[in-house]
Structures are given as C-alpha cells and as structure tokens.
Novice: 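Okay, handing you the structure first.
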Amino acid sequence: MQTLKVAIAGFGGVGRATADLLLSRRERYRQVYGVDVRLVAVCGSRAGLADANGLQANQLDALQAGLSGPDFVMASGADVLIEAGPSDFRSGEPGLAYLLTALAAGQDCIVISKGALVHSGRQLRELAQASGAMLKLSGAAAAALPTLDLLDHSLAGCKVLAIEGILNATTNYLLDAMSTQGLGFDAALREAQAGGFAEADPRNDTQGWDTACKLLLLANFGLGADLTMDDLVVEGIQSVTVERIEAWRAKGLVPKLVGSLTRADGAIRASVGIKTYPLSDPFALVSGKNKAIRISSDAMGETLAIGCGVEPIATAAAALKDLEHILMARAARSFSVSECSS
Ligand SMILES: NC(=O)C1=CN([C@@H]2O[C@H](COP(=O)(O)OP(=O)(O)OC[C@H]3O[C@@H](n4cnc5c(N)ncnc54)[C@H](O)[C@@H]3O)[C@@H](O)[C@H]2O)C=CC1
Ligand SMILES: N[C@@H](CC=O)C(=O)O
C-alpha cells in the first residue's frame with residue numbers, strides 16, 4: 001500500500017482538530033484510496049514532534065522544544081504540509097516561511113491561515129506551478145462554506161460577473177446576537193471567542209480584514225485576479241450599535257458585513273462593508289455563525305450557498321476535503337502514468 005506522509009505546522013485549535021480528524025479517518029483513506037495516510041509531524045511556535053512511522057493521538061499533547069520553523073518542514077519528510085498557524089496578511093508570516101520551503105521542495109500544501117496567501121499569493125502560486133506541487137486553500141477561503149470549489153468546479157466554464165459573501169462568522173454572529181438577543185457588542189464578541197471562531201486578534205474580524213482576506217483569495221485564486229489589500233475599500237462593524245440595528249429593524253432591514261466583488265470593463269473591483277437586506281432576501285436569514293456566498297455568472301445565473309459548521313472541527317474538515325482532492329489527483333496521476341507506460 002502507498003504511504004502519504006502529512007505534517008501540520010501551527011498546532012492551536014484548528015491544527016489539533018485537523019490532526020484528530022485525520023487520525024480518525026485513516027481507515028477511510030486506506031479503503032477509498034488504498035493509501036496509508038500517516039501524520040508524521042506536528043509543530044507549534046516553539047516545539048514539535050516527528051515520527052516517520054506515524055504519530056498517534058495520545059502522543060500529541062507532549063511536543064518537544066525546538067522542532068519548529070521552516071526547518072521543521074524538511075525534517076518532517078512529509079509529502080503534504082498542512083499550515084494552520086496565525087494569519088497575518090501584513091507580513092504573511094509565520095506561514096509564508098513554511099509554505100515557501102514546502103512548495104520549493106515539491107510538497108503539496110493545504111493552507112488554512114490566510115496571511116501568506118494574501119501577502120504573497122502570486123509567488124506561492126508560481127512556486128507551486130514550478131515545482132509541480134498542489135496548493136489548496138479551502139480552510140482559508142471560508143472553510144466550511146464552499147467558495148473556491150464552486151468557482152473551480154461547479155461553475156467551470158461560466159464567466160463570474162459578481163460575488164457577494166457573508167464570509168466572516170464572527171461578525172455575522174455579533175450582528176445577529178445584537179439584533180435577536182439584544183446583546184452588546186463586547187458580550188457577543190466574548191461568545192464568538194469562546195466558540196473558537198474569532199481570530200486571535202478579533203479586530204481582524206470586526207474591522208473587516210478577515211472578510212477582505214477571504215475576498216482577495218476568491219478574486220486571486222478563484223478568478224485569476226492579482227488584487228492586493230490596497231485595492232480594496234474595507235469597512236468593519238465596529239461602529240454598529242444596538243440603536244442602529246433597531247433603526248434598521250424598524251425599516252424591515254437586516255445588516256450584514258459583506259464582501260462584494262464585481263467584474264466590469266475587464267477589471268475586478270472588491271470592497272467590504274455593511275449592507276442591509278430585506279427579510280425576503282436569503283442573506284437576511286443567514287443567522288448566527290453561518291456564512292453565505294452568492295455568485296452571479298453569465299450562463300448559470302445566481303448560485304447561492306449557505307454553510308455552517310461547528311468550529312474548529314468544520315475548518316479541519318475543509319482542510320481534509322483538500323486532502324481528499326489531493327489523494328484523488330495523485331491517484332489520477334499515477335493512473336495516467338501507468339496507462340502511458342502500458
Ligand atoms: N478558528 C477558526 O474557526 C478558523 C481559523 N482559521 C485560521 O486558522 C488558523 C489557526 O486558527 P486557530 O487554530 O483558531 O488559532 P490558534 O491561535 O488556536 O492557533 C494558532 C497556533 O499557531 C501557533 N504558532 C504561532 N507561531 C507559530 C510558528 N512560527 N510556527 C508554528 N506554529 C505557530 C500558535 O502557537 C498556535 O498554537 C488562523 O490563521 C485562522 O485565521 C481559518 C478558518 C476558521
Ligand atoms: N475568524 C474567522 C474564522 C476563520 O476564518 C471567522 O469568524 O469567520
């Protein structure tokens with residue numbers, strides 16, 4: 001049986017959930033793909049663990065000091081790197097250093113943090129192309145909500161004219177809790193933090209940056225654009241009060257923080273801001289930490305997806321959906337090689 005070695009860099013809530021879910025699915029990988037998928041290494045900011053024979057769940061609570069940073073990537077001997085560290089779109093780090101090393105070595109990469117992809121997306125794409133490695137980012141691009149998969153597969157061949165997305169669970173949760181439970185901003189934010197889906201610095205959620213990052217990933221990785229954060233106008237929800245929500249409610253409107261992208265005259269324009277929707281609009285019904293995307297295309301009209309998952313397991317599942325796509329692509333590759341050689 002073929003072996004596929006997987007390493008995980010970034011071992012907080014999502015990294016750990018990904019490790020646990022991967023270990024629980026090993027039998028599935030054997031049966032469906034005929035592949036022994038081994039978790040061979042994990043690391044956090046200052047410590048890690050590696051074993052080429054495969055780590056077990058009960059070993060993962062005791063990382064050893066020192067095994068971290070880009071050297072971890074080569075030391076792991078992995079075929080696939082899953083990167084789940086902090087997201088910093090201003091520097092791309094710490095994920096960027098891991099991904100540059102892994103892609104240069106031809107390791108397939110599954111990226112869950114957004115920072116490196118936003119900061120250096122083009123470089124990463126080019127590096128992957130040059131080394132023949134696969135670069136997957138479902139976890140970063142709104143995780144449990146299908147986004148890039150819709151663009152890459154479901155709408156293949158169509159011209160996307162516009163995208164509108166409730167792409168950030170934290171802000172949707174906050175606005176919903178303020179509207180329906182009369183909760184104040186800070187109390188609602190504490191609940192999102194306790195749920196494990198707010199960013200480590202929640203201003204990245206509330207000021208709209210997380211939505212902007214995801215929108216950029218859709219534009220650049222889904223539609224082939226080359227936008228940077230400077231190309232976007234970004235507004236958050238920090239100025240929203242319970243009183244303002246009440247005023248919208250009196251007019252039958254529901255506020256949402258929305259990333260919007262339009263294609264006009266060959267150019268793609270994107271922005272993030274508050275939009276209000278009448279109750280008849282499906283976006284008005286996207287409650288709690290649900291997310292949603294509406295894509296308008298030339299030939300298939302409007303496509304709408306609404307997704308929710310219990311974090312952080314849902315993000316882990318999105319990353320492992322990418323792993324399944326890598327397993328399928330590897331199987332197809334070896335099939336075509338054996339077809340050619342027979
Ligand atoms: N929590 C969620 O629902 C979702 C999170 N994400 C993204 O996933 C990533 C991880 O999120 P969480 O696990 O919730 O955050 P977390 O803060 O629990 O975990 C991040 C981990 O990375 C580690 N780390 C810091 N510097 C490192 C370095 N140089 N090398 C290796 N590890 C390092 C930290 O020690 C921490 O354990 C973030 O980038 C986040 O934006 C994406 C989708 C959903
Ligand atoms: N903080 C994000 C989670 C990761 O992308 C959110 O609230 O959606």
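First listed ligand is number 1; within each ligand, the first listed atom is number 1. On a predicted model such as this, the values are computed, not experimentally measured, just so you know. We're numbering straight along the sequence, starting at 1.
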Novice: Which ligand 1 atoms are under 4.0 Å away from a heavy-atom of Phe197?
Specialist: 3 (O)
Novice: Starting from the C-alpha separation in whole Å, work towards a yes-or-no answer on side chain to side chain contact (heavy atoms under 4.5 Å, CB included) for Arg294 and Thr303.
Specialist: CA-CA 6 Å; Arg294 176 156 46 200; Thr303 302; over 6 Å; no
Novice: For Tyr98, is the nearest heavy atom under 4.0 Å from an atom of ligand 1?
Specialist: yes
Novice: Who gets closest to atom 29 (N) of ligand 1 by heavy atom: Pro94, Ala144, Ala314, Ala169?
Specialist: Pro94
Novice: Would you check the N or O atoms of Gly13, main chain and side chain alike, for any that come under 3.5 Å of an N or O of ligand 1?
Specialist: yes
Novice: Test your reading of the model: is there a side-chain donor-acceptor pair from Glu83 to the backbone of Ile8, 3.5 Å cut-off?
Specialist: no
Novice: Indicate yes or no: does an N/O atom of Ala9 lie under 3.5 Å from an N/O atom of ligand 1?
Specialist: no
Novice: Counting heavy atoms only, name the option from Asn204, Leu137, Ile112, Thr18 that's nearest to atom 8 (O) of ligand 1.
Specialist: Ile112
Novice: How far is atom 44 (C) of ligand 1 from the closest protein heavy atom, and which atom is that?
Specialist: Thr315 OG1, 3.0 Å
Novice: Evaluate the side-chain proximity of Cys109 to Leu135: yes if any heavy-atom separation is below 4.5 Å, no if none is.
Specialist: yes
Novice: Keeping Tyr98 on the side-chain end and Ala9 on the backbone end, is there a donor-acceptor pair under 3.5 Å?
Specialist: no
Novice: Quick one: side chains of residues 206-216, donor-acceptor pairs under 3.5 Å with protein atoms, not counting sequence neighbours, listed by atom name and distance.
Specialist:
| unit_1 | atom_1 | unit_2 | atom_2 | d |
| --- | --- | --- | --- | --- |
| Thr206 | OG1 | Pro202 | O | 3.3 |
| Gln207 | OE1 | Trp209 | NE1 | 3.3 |
| Asp210 | OD1 | Lys114 | NZ | 2.6 |
| Asp210 | OD2 | Asn168 | ND2 | 2.7 |
| Asp210 | OD2 | Lys214 | NZ | 2.6 |
| Lys214 | NZ | Leu167 | O | 2.9 |

Novice: For ligand 1, does Pro86 get within less than 4.0 Å through its side chain, its backbone, both, or neither, judged by non-hydrogen atoms?
Specialist: both
Novice: Taking Asp265 for the side chain and Ala267 for the main chain, is one N or O donor matched with an acceptor at less than 3.5 Å?
Specialist: no
Novice: Using modelled atom types only, decide if a donor and an acceptor are shared between the side chain of Asp205 and the backbone of Glu199 within a distance under 3.5 Å.
Specialist: yes
Novice: If you take the nearest heavy atom of each of Gly139, Gly12, Ser45, which one is closest to atom 26 (N) of ligand 1?
Specialist: Ser45
Novice: Might you check, step by step, whether the distance between atom 15 (O) of ligand 1 and some protein heavy atom is under 4.0 Å?
Specialist: no
Novice: Could you tell me the residue and atom name of the protein heavy atom closest to atom 3 (O) of ligand 1, and the distance to it rounded to 0.1 Å?
Specialist: Glu311 OE1, 3.3 Å
Novice: Is there a donor-acceptor contact under 3.5 Å from the side chain of Arg26 to the main chain of Val37?
Specialist: yes
Novice: Classify the side-chain pair Tyr33/Glu324 by whether it contains a donor and acceptor separated by less than 3.5 Å.
Specialist: yes
Novice: Consider ligand 1: state whether an atom of it lies below 4.0 angstrom from any non-hydrogen atom of Pro312.
Specialist: no
Novice: Mark yes or no for whether Lys251, through its side chain, and Pro278, through its backbone, hold a donor-acceptor pair below 3.5 Å.
Specialist: no
Novice: Can you find an N/O atom of Gly196 closer than 3.5 Å to an N/O atom of ligand 1?
Specialist: yes
Novice: Going by the order shown, which atoms of ligand 1 are within less than 4.0 Å of some heavy atom of Gly10?
Specialist: 22 (O), 31 (C), 32 (N)
Novice: If the cut-off is 4.0 Å to any non-hydrogen atom of Glu199, which atoms of ligand 1 fall inside it?
Specialist: 40 (C), 41 (O)
Novice: Looking at atom 13 (O) of ligand 1, what's its closest protein heavy atom, distance included?
Specialist: Val14 N, 2.8 Å
Novice: What protein heavy atom sits nearest atom 17 (O) of ligand 1, and how far off is it?
Specialist: Ala200 CB, 4.6 Å
Novice: Give the atoms of ligand 1, by number and element, whose distance to some non-hydrogen atom of Ser87 is under 4.0 Å.
Specialist: 38 (C), 39 (O), 40 (C), 41 (O)
Novice: Using a 4.0 Å cutoff against the non-hydrogen atoms of Gly44, which atoms of ligand 1 qualify?
Specialist: 30 (N), 31 (C), 32 (N), 33 (C)
Novice: Sequence neighbours left out, what passes side-chain hydrogen bond (donor to acceptor under 3.5 Å, both in side chains) with Arg190? Give chain and number order.
Specialist: none
Novice: Counting only heavy atoms closer than 4.0 Å, does ligand 1 sit against the backbone of Glu93, its side chain, both, or neither?
Specialist: neither
Novice: Output the list of atoms in ligand 1 that are nearer than 4.0 Å to some heavy atom of Phe11, sorted by atom number.
Specialist: 21 (C), 37 (O)
Novice: Less than 4.0 Å between a side-chain N and a carboxylate O, is that true for Asp108 and Lys136?
Specialist: no
Novice: Could you tell me whether the side chain of Arg249 and the main chain of Ser179 form a donor-acceptor pair under 3.5 Å?
Specialist: yes
Novice: Do Ile82 and Leu320 have side chains that approach each other closer than 4.5 Å (heavy atoms only, starting at C-beta)?
Specialist: yes
Novice: Mind listing the N or O contacts between ligand 2 and protein, cut-off under 3.5 Å?
Specialist:
| unit_1 | atom_1 | unit_2 | atom_2 | d |
| --- | --- | --- | --- | --- |
| ligand 2 | 1 (N) | Phe197 | O | 2.6 |
| ligand 2 | 1 (N) | Glu199 | OE2 | 2.8 |
| ligand 2 | 1 (N) | Asp205 | OD1 | 2.7 |
| ligand 2 | 5 (O) | Lys114 | NZ | 2.7 |
| ligand 2 | 5 (O) | Lys214 | NZ | 2.9 |
| ligand 2 | 7 (O) | Asn168 | ND2 | 3.3 |
| ligand 2 | 7 (O) | Ala169 | N | 3.3 |
| ligand 2 | 7 (O) | Thr170 | N | 2.9 |
| ligand 2 | 7 (O) | Thr170 | OG1 | 2.6 |
| ligand 2 | 7 (O) | Phe197 | O | 3.2 |
| ligand 2 | 8 (O) | Ala169 | N | 2.8 |
| ligand 2 | 8 (O) | Lys214 | NZ | 3.1 |

Novice: For the pair Asp322 (side chain) and Ser138 (backbone), establish whether a donor and an acceptor sit closer than 3.5 Å, ignoring hydrogens and angles.
Specialist: yes
Novice: With sequence neighbours left out, what residues match Gln181 under side-chain hydrogen bond (donor to acceptor under 3.5 Å, both in side chains)?
Specialist: none
Novice: Does a side-chain N-to-carboxylate-O contact under 4.0 Å join Asp231 and Arg269?
Specialist: no
Novice: Among Ala84, Gly85, Ala319, Ser113, which one puts a heavy atom closest to atom 38 (C) of ligand 1?
Specialist: Gly85
Novice: Within a distance of under 4.0 Å, is there any protein heavy atom near atom 34 (C) of ligand 1?
Specialist: no
